[in-house]
Structures are given as structure tokens and as C-alpha cells.
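Every number for a ligand or one of its atoms is a count from 1 in the order of the listing. All values below were derived from every heavy atom in this structure, side-chain atoms included, with hydrogens, water molecules and symmetry-related copies excluded. By convention here, the first residue in the shown sequence is residue 1.
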Amino acid sequence: MNRTFRDRLAAINPAYATFDSLQTLQVNMGDLCNLKCSHCHVAASPAGKRNMGRGVAEKIVSLLEGKRGITLDITGGCPELNPQFTYLVEATGQMGLRRIVRSNLAVLSEPGMEWLPEFYLEHGLVLFCSLPCYSADNVDRQRGAGAFARSIRALKLLNSLGYGSTHELNLVYNPGGAYLPGSQSGLEYAYKAELSARHGVSFSNLYTITNAPIGRFRDHLEKKGALETYLDLLAERFNPDAAGAIMCRTLISVDWQGFLYNCDFNQALGMPILTPEGMPLTIDNLETAARSGTGLALGRHCFCCTAGEGSSCTGSLAA
Ligand code: SF4
Ligand code: SF4
């Protein structure tokens, strides 16, 4: 019998299917991106038009006042291309937050973005940079021709500013196809050895993320007739040790219009957090959405978070 994801969680502990406490507010600034990666779960591209404006950014800033100690996780698309990115960073600088920016590295070599590395440094931002492999061929296949060389140039520049030594610079790996990531610690070891030996590049930690069966990656699987096989693989590799640590128990995701979701995957799927009457909650209702015990919006895609070592925006859950 096929049991739902919710059933699998509830069989271990009913609380695992509910919100616990707010530790991370993840802000997705929109779908504009300088790249158009084949695995992108938010279907971002240079043509992205759904991007956060000042009104929503101001609401986020005012809600973060008094939230000392939580993490502000800024993502996209390519968040640095949104004009509200600098506002959001500058306005939250004195709030005692850990502030993460998810960068695709290649943005550092876009025309007009020369200011960006110093801006990261000046504002004490923690960088999570996607680099799906240490081999140029694999990266260019996923991200487009030349993406690897641009990423290495960006990493060297960031290293020269102290990122990867005195300042936190993490890399994010995702598989190049319909399979689970290998061991996070093993991949980190290999990345460190290869990037240091071949390119003289260093970084802090490597985090592995399982490809979610949504967005452009789902389209790709459907075209190959491989979607069901991948969904079955995720369910078969359900790891009970990862179940209690799924990120949606402590994270809320905000979209460009201010609607709230249990995670960025649900956001990409258009599954907002709803009131009991079925109305979507917005940033104005953050306290309601973040109430302990509130039920999570779960679906079949959720098995990507509990397969193998488990997966979250900050890497594996049960390594
Ligand atoms: S995966 Fe990241 S870098 Fe690639 S298109 Fe999507 S948002 Fe942009
Ligand atoms: S996909 Fe989102 S809602 Fe589902 S388990 Fe993972 S983090 Fe939670």
C-alpha cells in the first residue's frame, strides 16, 4: 500500500507534520535570473517578470524588527539582480540576524555587478553558492556554457576578500540527474581536494540538496518518462531519521508578492499556507503562520526531503 508523506511522518510522530518554531525566514525575491539551469525548481530565467517590489520588502523589514537571532535567507531567482536586494540587506543590518544570500556565482561577472563582492563583505553576509559539480562539463551542462569558468573566477575573487577562510562561504551541490546525492561529507572532501588542487579555491562547507520533482526538473523527467521512477525512488529511500528535521518545521518562505509558504518548493508549486477557511496567508499574518502546532502543506514531492541522508536548504538532515 502506498502511504502518503503525511502518513509516514505521523506514524513516527504526529508533531512532525506540524510547525515547530520560526528559525528562518526565507525570502524569495522573484524569478529573474541571469542563468536558466536545466534543474531549476523555480523555473527562473533572464525573462523572469515576477519580482518583489519595495512595498513587500518594507513589510518584511518591519516584521523582522524584534526577531533577533533568526536567519534571514535571501533567495530567488538571482536575488542580487532585484533592486530591492540592497534595500533589504541595508535595512536589516542592525537587527542581529544571521543573513544568508543564495548566489549562483556567475552573477558576479554580469555587467554592472562589480560592486557585489564588497557589498557582501561590508554587510557580513553569509554566502551559499550553488556549484553542482567540480567538473566544468557537468556544471556547463546544467547551467549553460561558460558557467563553470565564471564560477571559479567568482570564487577566486571571494577568496581574495576572505570568503572561505575568515568569512563563511558555503557551496551547494545538487545531482546532475534523477538520483540522490552521495554522502555530504564524502562530497565535501572531494570538492575541497579538487577545487584546491585544480583551481586554488577554498570554501567553508559543502551542502547537498536533493533535486525536487517540480519545476523545470519535473518537466525534464516527464519528457524522459522518468518521473514516476524518480518519485518511487524518493519514497523508497524514506529515512525516518530525517523526518523530524524537515526544514518546514522551522522555516517560512515568502514570495515576491508577500504570500507565505512552508518552503520554496511549495512556493514553486503554488501551495501557500492557508487559513482554516482556505484563504492564503500573507506576510501580514506571519505570527499566525508561525504558530507552533500549525499543520504543514505536504505532498508527494516532500519525499525529496527525507530520502537518503535527507535534504534541506542547509544540506543533509541525517548524515
Ligand atoms: S537554479 Fe538558481 S541559478 Fe539556475 S536558473 Fe534557477 S535560480 Fe537561477
Ligand atoms: S517539500 Fe517543503 S513542505 Fe514538503 S517536507 Fe520538504 S520542506 Fe516540508
Approximate separation, where rounding is to 0.5 Å, of L195 CG and K156 NZ: 10.5 Å
Side-chain H-bond candidate by donor/acceptor type, D264 with N28, under 3.5 Å: yes
Distance-only side-chain donor-acceptor flag, N211 / H41, under 3.5 Å: no
Proximity flag A297 to ligand 2, non-hydrogen atoms under 4.0 Å: yes
Residue portion contacting ligand 2 (non-hydrogen atoms closer than 4.0 Å) for A212: neither
For N104, the ligand 1 atoms whose distance to one of its heavy atoms is below 4.0 Å: 3 (S)
Heteroatom test (N, O or S) for C263 near atom 2 (Fe) of ligand 2, limit 2.8 Å: yes
Atom 8 (Fe) of ligand 2 [closest protein heavy-atom partner, distance rounded to 0.1 Å]: C248 SG, 2.3 Å
Contacting atoms of ligand 2, where contact means under 4.0 angstrom from a heavy atom of F265: 1 (S)
Residue pair T229 / D232, side-chain donor-acceptor N/O under 3.5 Å: no
Contacting atoms of ligand 2, where contact means under 4.0 angstrom from a heavy atom of H301: 1 (S)
Close approach of R143 to ligand 1, heavy atoms, under 4.0 angstrom: yes
Contact flag C302/atom 8 (Fe) of ligand 2, N/O/S atoms, threshold under 2.8 Å: no
Residue F5 vicinity, atoms of ligand 2 by number, heavy atom under 4.0 Å: 5 (S)
Per-residue contact class, T306 against ligand 2 - non-hydrogen pairs under 4.0 Å: neither
CA sep, side-chain torsions, deciding dist, call: F119, F85, ring-ring contact (aromatic ring centres under 6.0 Å, His included): CA-CA 11 Å; F119 183 83; F85 170 74; 5.8 Å; yes
Interatomic spacing from CG in N266 to CG in D255 - rounded to 0.5 Å: 12.0 Å
CD on Q267 to CH2 on W256, rounded to 0.5 Å: 11.0 Å
Y230/F217 under ring-ring contact (aromatic ring centres under 6.0 Å, His included): CA gap, chis, key distance, verdict: CA-CA 11 Å; Y230 186 60; F217 184 59; 5.5 Å; yes
Closest non-hydrogen atom pair, F19 against L22: CE2-N, 3.6 Å
Any L296 heavy atom less than 4.0 Å from ligand 2: no
Heteroatom test (N, O or S) for C40 near atom 4 (Fe) of ligand 1, limit 2.8 Å: no
Contacting atoms of ligand 2, where contact means under 4.0 angstrom from a heavy atom of M247: 7 (S)
Among G30, P132, G144, C37, closest by any non-hydrogen atom to atom 5 (S) of ligand 1: C37
Contact check, side chains of N174 and T208, non-hydrogen atoms, under 4.5 Å: no
Any G77 heavy atom less than 4.0 Å to ligand 1: yes
Closest approach of any protein heavy atom to atom 6 (Fe) of ligand 2, naming residue and atom: C305 SG, 2.3 Å
